[in-house]
Amino acid sequence: MSDPITPKLDFIREIIADDLATGKHATTITRFPPEPNGYLHIGHAKSICLNFGIAQEHPGAKCHLRFDDTNPEKEETEYVESIKADVKWLGFDWGKDLYFASDYFTFFHDCAVHLIKEGKAYIEQQSAEEMRASRGNLTTPGTPSPGRSRSVEENLDLFARMKAGEFKEGECVLRAKIDLASSNMNMRDPVLYRIMHAHHHNTGDAWCIYPMYDFAHPLEDALEHITHSLCTLEFEDHRPLYDWFIENCPVPSKPRQIEFAKLNLTYTAMGKRKLLQLVQEGHVSGWDDPRLPTISGLRRRGYPPEAVVHFCKRVGITKFKGTTDIALLEFDIRDFLNQSAPRRMAVLDPVKVVLENWSAESLTTVEVANHPQNPEMGNRDIPISNEVWIEREDFMEVPEKKFFRLGPDRYVRLKGGHIIRCIGFEKDADGSINLIRAEILPGTVGADSPEGVVCKAAIHWVDVATGLDAEVRIYDRLFTEEDPDGAEGGFLSVINPDSLKTVTARIEPALASVEPGFSCQFDRIGYFIADTIDHQSGVKPVFNRTVALKDSWVKKGGR
RNA sequence: AGCCUCAUAGUGUAAUGGUAACACCCCGGAUUUUGAUUCCGUUAUUCUAGGUUCGAGCCCUAGUGAGGCUACCA
């Protein structure tokens, strides 16, 4: 792995260190609070690494996993499970601190009653449209509705009836009484509770009123004694409201909200709404499609979790809303895989080479290192006979100036084995090369090139007799584009629907029995992960490509 | 239009008011039984204008640019 991230403090960690130093807090408690309405993506990984990372950095500190499930219409148990799995996969542990905002519904309700009794909340009977109009706009203040001056008793009664289910959805809401003239729209008497006659994944039908995020979130944090509530930039304008609830409700602690910029990646559609659309419209096979930037997609793609975490640390935490080049992420993937992935040989686009002077006395196996820089990973023996497959692009009938591999009357080394010389080739009717004839140079295994032999490259190969077939899926980054004409539900278009290419490769025998999740490097191609393996219909492993060996190879070979 | 936030190489991130740096990308070179890795090197940076200061990327003011806010989503 490249150098560890320097122990520099980002501005949030500075605040936390300061609070610890001044004794404001004896310990630090953060939280990761996803709404279970979709799968997590790499952007969430940044938040997870921040919140859980801080907890790991201070003795006694911890990070809660809390499902912010205050909207029954969008949330599902399937998402709860996937989120837990994804956090674990990244290597973080919430211990016993697993919570659901929906478990606090009674507390939220009591706080609402408290506010009503204090004269700080009232029942609003205007429609959503009327409220919008009476709230004013960016330059003109709002105007009070009739409900704003209702008595405490009346409000209490109305709220109780609201909770009892006497009203239909939309008939009334509970609003905070703050400041209709505030320059911050969030302070213009925000809605606290709305009526939803919906089934909740956790509380079932126990409630028909549900709290809004702005109201519930500070209370959740306070209840859990969160010291630092870290969220993304779009909640900046909500902070005064967050603080207002903390000040005006009977809460057991005073958390502080701090905002940071969310992750943006080049070429990458982020955001649950867009991902949901890609899934629903069938552009991908599911939330864990390897073309998606979901955590589960990255997992299937073979990205090591350690590398994803390293990337998140490297990107850092700021309030600057930039777009990170995906090359930064892929560097970390390569960097990690380069050290951990054993080398194997495979040929994705095969051409047969016949070794004309091979005889029964010739080499029948060659010994190849599993990793060129790490002898501890050992060696393996690969059978070889008089016919091998090589990559079509490793032969040029008319070699270019900087082409070092095989061509008529040229030399190349079969990796781990002999140097061979091309002595002829045959073509199909359509002009494509279908057979190469070569001869072995005796005594060149494990030895330098003999005098007068120019051999500057070693190519990968697979023995024809013992090689196996494998399916290799090469995934491209899924390019997407905002559709300006698209209304709701149709605002994304996929630019490269052909982002998945499947080829049948020839692989060396050692790859026949790998387990799903095993990652390796096919020489000179890229890093691969064993995905689903079909042991039923004969031995047919399936590999996904993770990243190409070099970033520029992607760009040249790409779109 | 009002309020809020942000601005440092192509990208991301550093720099207590004291020599502007690190990583990625790109390009070049050396080594290499992976055109990988490793090693070395090149290019390139404080949005603008004022002010405070011996000294400003950092503090102040104004401007410019970008983003957010007028949900019974989170």
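Just so we're on the same page: letters track the sequence lines, and every chain starts at 1.
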Does B:C24 have OP1 or OP2 under 4.0 Å away from a side-chain N or O of A:Thr324? no

Would you indicate, yes or no, if B:C25 has its OP1 or OP2 atom less than 4.0 angstrom from a side-chain nitrogen or oxygen of A:Ser552? no

Identify each atom pair where a protein N or O and an N or O of nucleotides 64-68 of chain B are less than 3.5 Å apart, giving names and distance.
unit_1	atom_1	unit_2	atom_2	d
B:G67	O2'	A:Lys321	NZ	2.9
B:G68	N2	A:Asp237	OD2	3.0

Which helical stems does RNA chain B take part in, if a stem means at least 3 consecutive Watson-Crick or G-U pairs with both distances below 3.5 Å? B:2-7 with B:64-69, B:10-13 with B:21-24, B:27-30 with B:38-41, B:47-51 with B:59-63

Atom-to-atom span, CZ of A:Phe320 to C1' of B:U5 - whole angstrom: 12 Å

Shortest non-hydrogen contact from A:Arg148 toward A:Asp189: NE-OD2, 2.6 Å

Pairwise 5' ranking along RNA chain B for A:Thr444 and A:Gly170, keeping only the more 5' one: A:Thr444

From the candidates B:U13, B:G12, B:C69, the one with an atom nearest any side-chain atom of A:Asn186 is B:C69

NA contact type, A:Gly446, heavy-atom cut-off 4.0 Å: base, sugar-phosphate, or nothing? base

Under 4.0 Å between any heavy atoms, over every strand shown, what does A:Lys456 touch: base, sugar-phosphate, or nothing? Just pick one. nothing

Has A:Arg188 got a side-chain N or O lying under 4.0 Å from the OP1 or OP2 atom of B:G2? no

Within the 3.5 Å criterion, strictly below it, is a donor on A:Tyr303 or A:Asp332 matched to an acceptor on the partner's side chain? no

With nearest nucleotide decided by heavy atoms, which residue, A:Gly416 or A:Met196, maps closer to the 5′ end of RNA chain B? A:Gly416

When we call it a touch if two heavy atoms are under 4.0 Å apart, what does A:Lys74 touch: a base, just sugar-phosphate, or nothing? base

Separation between the C1' atoms of B:C72 and B:A1, rounded to whole Å: 27 Å

Under 4.0 Å between a side-chain N/O of A:Arg194 and OP1 or OP2 of B:C73, yes or no? yes

